[in-house]
Student: 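One structure coming up, written as structure tokens, with questions to follow.
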Amino acid sequence: QVQLVESGGGRVQAGGSLRLSCVASGRTISGRAMGWFRQVPGKERRFVAAVSGRDGTTHYVDSVKGRFTVSRDNAKNTVYLQMNSLKPEDTATYYCAADTNAVISISSIRYKDWGQGTRVTVSS
């Protein structure tokens, strides 16, 4: 099992940027797809972005395309989510997750290991 710890959340005004980091420990995340999900109170956790564990391919939910960038540094066992042009509707708790294999999935069921989340608040 791998332990995931997110950081980088905070409060920012609309149009601003944040960079989330997810540091893994215990096992390497190399070869595993890594995803970012977000959740607001009272709603289900939803897919945001993911990066393949095979070739670095990325995938995004439509609402963040062109604004968010997911990347990974296997040498540092770390995944990042660069968030630009933030909007109030991006406000949520953001979770990092490790998939069971290398291929990207948008389903939270596929992800085995989860971080504790980091809160992002975007004010208008």
Student: How far does CG of N74 sit from CZ of R32, to the nearest 0.5 angstrom?
Tutor: 12.0 Å
Student: I'd like a table of donor-acceptor pairs (distance under 3.5 Å, sequence neighbours excluded) in which one partner is a side-chain atom from residues 16-24, with atom names and distances.
Tutor:
unit_1	atom_1	unit_2	atom_2	d
S17	OG	N84	OD1	2.9

Student: Is the shortest heavy-atom distance from the side chain of F68 to the side chain of V61 under 4.5 Å?
Tutor: no
Student: Among residues at least two apart in sequence or on other chains, which ones pass ring-ring contact (aromatic ring centres under 6.0 Å, His included) with F37?
Tutor: F47, Y111, W114
Student: For atom CZ of R46, decide whether the heavy atoms of other residues, nucleotides or ligands shown that lie under 6.0 angstrom number more than 12.
Tutor: no
Student: With the 4.5 Å side-chain cut-off for hydrophobic clustering, are I104 and Y94 part of the same group?
Tutor: no
Student: Less than 3.5 Å apart, which donor and acceptor atoms pair up between the side chains of residues 95-103 and the rest of the protein, not counting sequence neighbours?
Tutor:
unit_1	atom_1	unit_2	atom_2	d
D99	OD1	R110	NE	3.1
D99	OD2	R110	NH2	2.9
N101	OD1	V103	N	3.0
N101	OD1	R110	NH2	2.8

Student: Check salt bridge (charged side-chain N to carboxylate O under 4.0 Å, His left out) between R38 and all other residues, then give those that pass, not counting sequence neighbours.
Tutor: D90
Student: Do you know which two heavy atoms are closest between Q1 and R27, and how far apart they sit?
Tutor: N-CD, 3.4 Å
Student: Could you tell me whether the side chain of S30 and the main chain of T28 form a donor-acceptor pair under 3.5 Å?
Tutor: no
Student: Specify the closest pair of heavy atoms between V48 and V64, including all atoms of both residues, with the distance to one decimal.
Tutor: O-CG2, 3.8 Å
Student: Measuring from atom OG of S63 to atom CD of E89, what distance do you get when rounded to the nearest 0.5 angstrom?
Tutor: 8.5 Å
Student: Compare all side-chain heavy atoms of V70 with those of V79 and state whether any distance is below 4.5 angstrom.
Tutor: yes
Student: Could you grab the distance from atom NE2 of H59 to atom OG of S52, nearest 0.5 Å is fine?
Tutor: 12.5 Å
Student: For Q116, is there any backbone N or O sitting under 3.5 Å from a side-chain donor or acceptor partner on E6?
Tutor: yes
Student: If I compare all heavy atoms of L86 with all of M83, which pair ends up nearest, and what's the gap?
Tutor: CD2-CB, 3.8 Å
Student: Can you name the closest pair of heavy atoms from I29 and V2 and give their distance?
Tutor: CG2-CG2, 4.2 Å
Student: Mind checking what makes ring-ring contact (aromatic ring centres under 6.0 Å, His included) contact with Y60, not counting sequence neighbours?
Tutor: none
Student: CE of M34 to CG of L81: how many Å apart, nearest 0.5 Å?
Tutor: 11.5 Å
Student: Do side-chain atoms of T118 reach the backbone of S7 as a donor and acceptor pair under 3.5 angstrom?
Tutor: no
Student: Closest heavy-atom contact between Q39 and A92?
Tutor: O-CB, 3.5 Å
Student: Can you tell me if K65 has over 12 outside heavy atoms packed within less than 6.0 Å of its NZ?
Tutor: yes
Student: What residues, two or more places apart in sequence or in another chain, satisfy salt bridge (charged side-chain N to carboxylate O under 4.0 Å, His left out) together with D55?
Tutor: none
